[in-house]
Amino acid sequence: MKNWNDTKSIRKDFPILERKIDGKPLIYFDNAATSQKPVQVINALTNYYENYNSNIHRGLHTMSEEATLAYEGTREKIARFIDAPSEREVIFTRNATEAINIVVESWGKHNIGAGDEIVITSMEHHSNFVPWQKLCEDKGARLVYIEIGADGNLDYAMAERLITNKTKIVAVTQMSNVMGTVVDLKILGKLARLNGAKFLVDGAQGVPHLPTSVREIDCDFLVFSMHKMLGPTGVGVLWGKEELLDLMPPMLYGGDMISSVTREKTTVNELPWKFEAGTPNIADVIASGAAIDYLQNLGMQNVRAHELELTRYAMDAMLKLPSMKIYGPQNPELKGGVISFNYEGIHPHDMGQILNESGIAIRAGHHCCQPLMKTLGVMGTARASFYIYNTIEEIDFFVDALIKAEKVLNYVACR
Amino acid sequence: MKNWNDTKSIRKDFPILERKIDGKPLIYFDNAATSQKPVQVINALTNYYENYNSNIHRGLHTMSEEATLAYEGTREKIARFIDAPSEREVIFTRNATEAINIVVESWGKHNIGAGDEIVITSMEHHSNFVPWQKLCEDKGARLVYIEIGADGNLDYAMAERLITNKTKIVAVTQMSNVMGTVVDLKILGKLARLNGAKFLVDGAQGVPHLPTSVREIDCDFLVFSMHKMLGPTGVGVLWGKEELLDLMPPMLYGGDMISSVTREKTTVNELPWKFEAGTPNIADVIASGAAIDYLQNLGMQNVRAHELELTRYAMDAMLKLPSMKIYGPQNPELKGGVISFNYEGIHPHDMGQILNESGIAIRAGHHCCQPLMKTLGVMGTARASFYIYNTIEEIDFFVDALIKAEKVLNYVACR
Amino acid sequence: MSLVDDLYRETILDHYHNPRNRGTIDDATVSTEGVNPLCGDELRLFLKIEDGVVSDIKLESRGCSINTASGSMMSELVLGKSLADAKAVISEFKNMMLNKGEDITLSEDLEELEALQGVKKYPVRIKCALLPWNTLDEGLKNK
Amino acid sequence: MSLVDDLYRETILDHYHNPRNRGTIDDATVSTEGVNPLCGDELRLFLKIEDGVVSDIKLESRGCSINTASGSMMSELVLGKSLADAKAVISEFKNMMLNKGEDITLSEDLEELEALQGVKKYPVRIKCALLPWNTLDEGLKNK
Ligand SMILES: Cc1ncc(COP(=O)(O)O)c(C=O)c1O
Ligand SMILES: Cc1ncc(COP(=O)(O)O)c(C=O)c1O
């Protein structure tokens, strides 16, 4: 049950929300860049380092066994969280970016050739764009873009035309990190399936904010980053279908990813460890388990509902301001809690800087989506993005600060 | 000034040393696998998450600037710690293993061809073995091994014969993680230089325990892992000479490693960021700075002196036991604080398990060095490894426990 | 429970100190090798299968107490058994070792194997106990 | 000090709202483009160099206040200067912005630029202030 009191008690779990910026209470609206962490996650880290820090997998001593159990325990939690058939399909990486690179390197290099096509959207994050662009360059393949329609939504009619039997993989974001646009993965997945293409979902923005089931989506790969969903920095996830991962060679070689090594021949370990070379980020993977527990407890439906409420309220209030432009779908139902905007005459840099004076943290710039900026015809945008601990009151304060921003820049003119 | 009181006060900084294993005080002798963390490092983590957690590099708000400064500050600390000419040469990875893979992928693939030779030693960790073995397989190059002599030391006369103008790179460990053997890097470096080969040093064991200067060693690449030197899990370092790194293409593509992206063309960022794709492990990099400070404060000469004292004492006591075999150099001056041993008739697994009953954590097995195990003619060894917080008393206790181990296994026979 | 009760019981130590059916078979009909990737322990297994019966079995290894004892017990239990019976023993044992819940009671003739049940408290050692059985399983594949 | 004192001083806002030398030069002898990789801001710079003198300069950009003001001030200061003098101005300005220590006093004719010194408190914005200057530097390379 989600209600106003919940948000208050949620806020108590996040020590950073006590922070003051130049004496003003922090309003953290930069959640699409990274989320804040609850005390449960921070405690999981300190508890690990204070009580059972140890290298894993081959240790016979008590702490090593405890650490191994906790590390592999997070894998099981994540498998359940995304509704994966098996935890053997869950691979820990540094971030979503590395996860995509593994697919490009270990699947793409062996399955994409000259003349093949890779379909993405025009709103991909650089992480789901540059690796594919590079692969296309190397292989003589073609990168094909599903564009955004006039309504700010993805153009699904165009998707239907572009996804053909030349398409080898469709790689799309679950939610735009710039405009919040939620992509209808079922449509794209079906088109991919119909044309014999693989289907990769960049869940860096989607998994933290929307209920996500790989079985429902029916995708082949899903990637995401724990730091955007209450977890620590340094942990990403690559989920892939077992039969695909089984055929893929490792990207990195070294300790832990082997099952036997001689001067003559090395045999690769089984899934998921064959993709985890060297000492993993043990502590942060374990703490990621606490992040998953936290979200699981709240319920992802409730997370979504809370963010929708905030987004609707914020868009209404913002659009009352003269010369306010909000990019992407104008209907909050079609987007996550990410609002990219420009205020006529105020460059996003200045907007970000001035809001910071009021303790409000937003992001300004290209948001690692330069191709999308070009499509939108802007240099950059200002972006406010919400999460479970944000409140309506914070949005009121934010909208007031927007109005004040104009005054600062027109300082001279106004005197 | 290093004295007995110092170790006592050092121990106070490590909360985990209060841990009891089955009611017995923990004796942590598994430091070659991973080290424990002082409260200063743990506090750096919680301080980050409680006060300024934020994504870095492009943020205009206060916390983003604070996080960026702290993250880049660790880079400068590390550059100073290994005496690197510039912090632009310090690249953050997940671990030492990934760092070696970057060299293999971004340098090796473009500089090693059929008939070329790569020289390593027979005591390399899988992480400095398997990637080169794979590269040789792919390129038709040859992996050449400097063997261990009868004295347990590296055979430098053999090195002189093996490093020739066919050699493209010499890649060796600074210190064996099995036997503690310290490698004379100056000799090997000179041989590499003389033959126009590059020189990579695997400092995963060396950097945490020995004073290390890349300028003195005169190497081209140095890799190490922060988790073995008081830092958190999830941070490795690749140091390389700027002129080499500048020529190397990135291994991973995505956000943060680019300077501009269009549909037509992507331009790669400058050093060091071109090798750091996606959101880095911000918190752990920042906490790694606290680990470096801690070691810097102690002084690496003092760290080495303390470990030498422990190692000498332990070897003397252990060798008094009948049927005790210690592998590698018998002179403690020639090795780090790592003692691999076998006790006649007791398999290392059983040894590790039985010592654990006394609260003693050692490691047993092949230590990710299967080729070396073959050379030594064993299935595995038991390994005790020391660090700054270990004491002579712990070693006394350990030696007593060794004697008791035999009794457990001969239980029936002894009745 | 102590380590001695869990892991180093009399039965296990007896088999460890006096492993049965150690050695090689020159005219083996099947020979397989097994490796424990975690520790590198290797095992060579020789079988003579005549008229669908395991008429001889020998093991060569330098493993730990658990590995050695487990292999020794196994060799006694499958020697002379039909292939079908041998496979049944394997699956009963594996089931016991991989079952995460309560202790399991084995059929009467396999009672001795229950001594290995204590190993389950030490997850890393489970692989030691399983190595001979997995190797045998491999050897009997397609038989 | 407040944001207004550091960043949005009168001089800066004046140049921001009324940027000097905005536009393009059709018969430019030099034209270069600059990008701020952190935010994507782009800048096009046109120069007419005659007899070793910057006889015309125009900028086209849609940058932030700092970027725009910095470019506008720069254009005024180098217009009519010899190449050598223009380069001296560039290096004096860059030196001021990249110096991490105390505030720096500029030569008298560059005094106005000191208004940008407050930007140094906002590391990310330094690149905004530098973009026009780096672009000019690029344009004058080998000249
Ligand atoms: C000599 C040596 N090299 C490389 C490594 C690999 O380090 P990591 O697992 O942190 O990548 C280790 C760690 O076990 C080591 O001891
Ligand atoms: C849609 C999208 N994809 C990928 C990424 C990359 O995530 P990371 O930087 O954690 O690798 C991000 C994060 O900014 C994102 O928003």
Side-chain angles (χ1 to χ4, degrees), chain B residues 21-24 30 33 125-126 129-130 177-178 325 327 340 342-383 401 404-415, chain C residues 1-20 22 33-45 59-73 97 112 115-132 135:
Chain B
I21 304 290
D22 275 334
K24 285 143 212 137
D30 194 17
H125 188 277
H126 290 166
F129 174 88
V130 185
N177 64 309
V178 174
K325 178 159 177 56
Y327 300 92
S340 256
N342 270 321
Y343 201 87
E344 171 101 47
I346 306 188
H347 188 282
H349 263 189
D350 293 312
M351 182 59 89
Q353 195 91 60
I354 294 167
L355 290 180
N356 184 55
E357 279 284 294
S358 307
I360 303 169
I362 65 157
R363 201 139 281 237
H366 55 58
H367 315 293
C368 289
C369 286
Q370 288 185 2
L372 175 62
M373 295 299 117
K374 200 148 204 175
T375 304
L376 295 177
V378 297
M379 288 291 155
T381 70
R383 180 186 73 184
K404 275 187 251 158
E406 210 174 4
K407 301 233 172 77
V408 175
L409 279 184
N410 288 328
Y411 195 64
V412 182
C414 293
R415 277 205 295 199
Chain C
M1 296 277 273
S2 82
L3 192 64
V4 170
D5 296 320
D6 289 335
L7 227 47
Y8 300 125
R9 301 189 192 183
E10 242 181 85
T11 333
I12 292 180
L13 289 179
D14 173 39
H15 278 275
Y16 172 48
H17 290 299
N18 312 293
R20 330 293 198 253
R22 180 165 242 178
E33 293 186 17
V35 187
N36 181 343
L38 293 183
C39 60
D41 274 0
E42 288 167 8
L43 180 91
R44 288 171 66 204
L45 174 79
L59 292 118
E60 210 180 37
S61 80
R62 288 190 293 164
C64 65
S65 56
I66 304 303
N67 174 349
T68 306
S70 179
S72 168
M73 292 183 192
M97 293 305 291
E112 203 188 29
L116 285 166
Q117 200 142 225
V119 174
K120 283 160 70 175
K121 291 199 190 151
Y122 305 86
V124 179
R125 304 301 292 278
I126 296 177
K127 293 222 170 187
C128 306
L130 284 177
L131 181 59
T135 312

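Hydrogens, waters and symmetry mates are skipped; everything else that's a heavy atom, side chains included, is used. As the structure is a computational prediction, the values presented were derived from the model and not from experiment. Throughout, a chain's letter reflects where its sequence line sits, starting with A, and its residues are numbered from 1.
- Neither the backbone nor the side chain of C:Ile12 comes within contact range of chain B; no heavy atoms are under 4.5 Å apart.
- Across all their heavy atoms, C:Tyr8 and B:Asp350 have their closest contact at OH-OD1, 2.7 Å.
- Looking at residues two or more places apart in sequence or on another chain, you find no ring-ring contact (aromatic ring centres under 6.0 Å, His included) involving B:His125.
- For chain C, the nearby parts of B:Ile354 are the backbone and the side chain; heavy atoms of each come within less than 4.5 Å.
- Nearest heavy atom pair, residue C:Leu13 against residue B:Val408, reads CD1-O, 3.6 Å.
- Under the side chain to side chain donor-acceptor pair (under 3.5 Å) criterion, B:His349 pairs with no residue, sequence neighbours left out.
- A side chain to side chain contact (heavy atoms under 4.5 Å, CB included) with B:His347 is found for exactly one of C:Ile66, C:Asp41, C:Thr68, namely C:Asp41.
- Scanning residues 366-380 of chain B against chain C with a 4.5 Å non-hydrogen threshold yields B:His366, B:Gln370, B:Gly377, B:Val378, B:Met379, sorted by number.
- Not counting sequence neighbours, the partners of C:Thr135 by the side chain to side chain contact (heavy atoms under 4.5 Å, CB included) test are C:Thr32, C:Leu43, C:Leu45, C:Leu131.
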